Amino acid sequence: MTKKFPDYQGHFGEFGGKFVPETLMPALDELENEFRVASKDTKFINRLNNLLNTYVGRPTPLTFAENLSEKLGYKIYLKREDLCHTGAHKINAALAQALLVKRMGKKRVVAETGAGQHGVATATACALMGLQAVIYMGAKDFERQKINVARMRLLGAEVIKVNSGSMTLKDAINEAIRDWVTNVKNTHYLIGSVVGPHPYPEIIRNYQSIIGKEAKKQIMDVENRLPDVIIACVGGGSNAMGIFYPFLDDKQTQLIGIEAAGEGIDKQHAATLSVGTKGILHGAKSLVLQDNNGQIEEAHSISAGLDYPGVGPEHAWLQSLNQAEYFSVTNEIALEGVELLSKTEGIIPALETAHAVGYLPQLTKTLNSDSILILNVSGRGDKDMDIISEKLNFFHE
Amino acid sequence: MNNKIDKLFDKLKVDKSIALIPFVPINWPSKEDTVSIVETALNAGAHAIELGIPFSDPLADGTTNQNAYQEALKNGANINSLFQIVKKLRNNKIEKPIIAFSYYNPIYKFGTELFLKQAQESGLDGVIVVDLPPEESQKFSILAKKYNLHQIYLLAPTSDMNRIKLVAKQATGFIYCVSVSGTTGVREDFSDELINFISQVKKQTDLPIAIGFGVSKKKHIDFIANIADGAIVGSAFVENIRNSSSADRSFKISEFVKNLVEVNEN
Ligand SMILES: Cc1ncc(COP(=O)(O)O)c(C=O)c1O
């Protein structure tokens with residue numbers, strides 16, 4: 001039943017929808033039409049699958065984390081999106097959208113980026129397909145994810161630093177939308193998460209759900225049963241939605257999303273699902289961090305990819321239905337997560353992913369040695385080495 | 001229906017003139033300035049005023065308005081301030097139409113029905129919600145009618161015939177046609193495409209049409225006078241205020257408005 005959502009106007013229950021200026025409404029219709037037609041076009045599907053296999057490196061492995069499992073007392077599998085070309089799951093939806101852009105005959109792409117992973121994925125897809133890429137990035141993120149700025153520029157993208165507001169992901173999205181409104185006739189807005197107006201949350205979910213489809217098959221192959229828990233970090237919510245979606249009707253599988261609690265939930269944070277209230281941001285009704293006057297508040301997280309005061313509408317809906325649960329962990333615990341996965345499994349996760357890793361010790365209370373958990377390793381940590389080195393004092397004499 | 005917006009456009013039709021509607025965010029440049037800015041503009045000949053409720057993430061606005069919103073928020077602007085300002089204007093015997101401009105979230109958070117009820121009580125005549133297209137407006141438009149407020153919809157040069165029809169069916173008061181695809185902000189010239197777009201809209205509605213976004217000069221007003229019923233002057237009005245001091249502000253606002261209205265009437 002869940003799977004029929006969103007409805008034809010893009011609503012997930014009371015969430016979602018299309019709250020955008022009139023100028024953009026026709027572009028949303030155009031995109032939706034193209035998406036529906038492409039979804040039935042075998043040539044398009046084959047082209048995308050071929051790219052996913054031969055360019056991205058799919059299917060990504062499902063790795064049994066033997067040491068970590070032993071340490072925590074339950075079976076932990078890792079879905080290895082960190083092994084995707086460019087180093088995170090973002091490429092799955094970026095490539096698919098770039099193919100849609102080609103179909104629509106548009107030549108120019110704008111995108112927002114926080115951690116820089118979606119920007120890199122977009123720049124990559126555009127380089128591959130001969131599209132012009134313009135990436136908006138908050139000035140704060142520009143500083144803390146410099147390696148990704150360099151990668152985007154090397155790939156031929158124009159990277160524009162955004163100095164307004166909190167100078168993070170939220171403000172990059174505002175600027176990308178302004179550019180899109182201005183150049184909508186020849187420009188596509190290539191969104192990086194399950195956020196924004198309909199049909200974006202549905203489109204991104206659709207192209208990210210390959211994560212969950214593969215994971216389901218892989219876990220059945222090795223364990224011959226479904227997992228008890230699936231856990232993923234949640235910024236806008238695309239890697240989580242991608243792995244959750246194929247399991248939505250499997251009631252035995254508990255779905256857990258982990259947000260950034262930043263300095264702490266009572267201080268500065270980005271825990272939208274945990275403490276946000278209903279509101280409209282970036283074209284959709286969802287949960288948002290806001291004050292009593294409906295002004296959006298600044299989020300805070302050590303992880304640029306989770307530093308966002310909104311969240312995809314489908315997550316707000318799943319939470320309201322108790323179909324998925326959401327918790328948050330602090331910067332400090334995320335850093336413990338980075339160390340934990342690096343030292344036990346030899347896998348350095350992105351700071352975003354590290355939030356989900358950091359939550360694992362808390363699950364020892366409810367899981368036992370027969371329990372099976374899959375953690376979505378949404379990305380690798382190379383981009384975060386500066387911050388990690390500083391926080392863990394690696395260059396201290 | 002006894003809405004000041006309808007009366008205004010009925011009268012202008014007889015006068016063969018168009019409406020000049022300046023826009024300014026509330027509580028800007030300071031909290032105390034809004035009432036006198038509005039009174040000065042209306043006394044100088046503006047036909048109605050559009051009052052902006054500032055929003056933290058105004059994605060339909062260019063830099064001029066964004067910066068003004070930021071400052072207005074620091075000055076404590078919120079929906080209650082809007083209502084106080086409108087009440088004060090009505091107490092001061094301002095009889096011209098007053099229209100609120102907002103993004104949806106502040107209104108949603110305040111409570112849509114409560115907002116519309118208090119909007120009417122305070123003396124507002126219409127509401128523009130820039131990110132609330134007809135698809136998301138069912139409840140809003142029913143409530144707006146209940147409280148005798150016009151919900152002003154926008155149309156853009158990108159709107160195709162189906163969308164023009166959809167808006168024409170739901171709209172009351174007037175239709176706000178955006179001059180270009182883009183955000184608010186001063187522009188040099190309008191394109192011939194705009195003429196074509198407006199004529200498409202006119203085929204679908206008898207409602208008055210006001211053109212906004214980028215309107216800043218006499219020549220724009222002249223151009224608009226030939227194809228539409230009103231002009232909304234936002235960023236240029238805001239910039240004019242930004243470039244004034246408290247000593248010469250009234251003078252500058254008057255000059256700005258008089259200059260535009262004069263052309264308007266010849
Ligand atoms: C590695 C990685 N994981 C997670 C995220 C968060 O996004 P989402 O919640 O859409 O998966 C990002 C975003 O930049 C990311 O780079």
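Fair warning: this is a prediction, and the values are worked out from it, not measured in the lab. When reading the values below, keep in mind they use all heavy atoms of this one structure, side chains included, and skip hydrogens, waters and symmetry mates. First the proteins, then the strands, lettered A, B, ... as listed; each starts at 1.
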Using modelled atom types and a 3.5 Å cut-off, is there a donor and acceptor pairing between side-chain atoms of [X] and backbone atoms of [Y]?
| X | Y | value |
| --- | --- | --- |
| Ser56(B) | Ile296(A) | yes |
| Thr23(A) | Ser181(B) | no |
| Asn293(A) | Asn78(B) | no |
| Gln295(A) | Pro54(B) | yes |
| Arg178(A) | Pro58(B) | yes |

Note, Glu22(A) side chain near Cys177(B) side chain (heavy atom, < 4.5 Å):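 When only atoms from C-beta onward are counted, Cys177(B) and Glu22(A) do not touch, as no gap falls below 4.5 Å.
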
Taking [options] one by one, which has the highest count of heavy-atom pairs under 4.5 Å against chain A?
| options | value |
| --- | --- |
| Asp57(B), Ile79(B), Val178(B), Asp160(B) | Asp57(B) |
| Pro134(B), Ser159(B), Ser137(B) | Ser159(B) |
| Leu73(B), Asn80(B), Val167(B), Ile53(B) | Leu73(B) |

Answer yes or no: does atom [atom1] of [X] have more than 12 heavy-atom neighbours from other residues, nucleotides or ligands under 6.0 Å?
| X | atom1 | result |
| --- | --- | --- |
| Lys88(B) | NZ | no |
| Asn243(B) | CG | yes |
| Asp266(A) | CG | yes |
| Lys217(B) | NZ | yes |

When rounded to the nearest 0.5 angstrom, what distance separates [atom1] in [X] from [atom2] in [Y]?
| X | Y | atom1 | atom2 | result |
| --- | --- | --- | --- | --- |
| Trp180(A) | Leu59(B) | CH2 | CG | 10.5 Å |
| Leu154(B) | Met25(A) | CG | CE | 12.0 Å |
| Glu135(B) | His198(A) | CD | NE2 | 10.5 Å |

Kindly give the heavy-atom pair with the smallest separation between [X] and [Y], and that separation in Å.
| X | Y | answer |
| --- | --- | --- |
| Asp29(A) | Arg163(B) | OD2-NH1, 4.1 Å |
| Phe55(B) | Gly294(A) | CE1-O, 3.3 Å |
| Lys109(B) | Thr277(A) | NZ-OG1, 3.6 Å |

Carboxylate-amine/guanidinium proximity below 4.0 Å for Lys185(A) and Glu193(B): yes

Give, as side chain, backbone, both or neither, the part of [X] having an atom under 4.5 angstrom from any heavy atom of chain B.
| X | value |
| --- | --- |
| Val184(A) | side chain |
| Gln290(A) | side chain |
| Lys285(A) | side chain |

Considering only heavy atoms, which portion of [X] lies under 4.5 Å from any heavy atom of chain A: side chain, backbone, both, or neither?
| X | value |
| --- | --- |
| Ile107(B) | neither |
| Gln66(B) | side chain |
| Phe110(B) | neither |
| Asn67(B) | neither |
| Leu155(B) | both |

Between Gly165(A), Gly279(A), Pro197(A), the one whose heavy-atom pairs under 4.5 Å with chain B are most numerous: Gly279(A)

Residues 167-177 of chain A: residues contacting chain B (heavy atom under 4.5 Å, by number): Lys170(A), Asp171(A), Asn174(A), Glu175(A), Ile177(A)

Donor-acceptor pair between His11(A) and Glu136(B) side chains, under 3.5 angstrom: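 Side chains of His11(A) and Glu136(B): pair found under 3.5 Å.
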
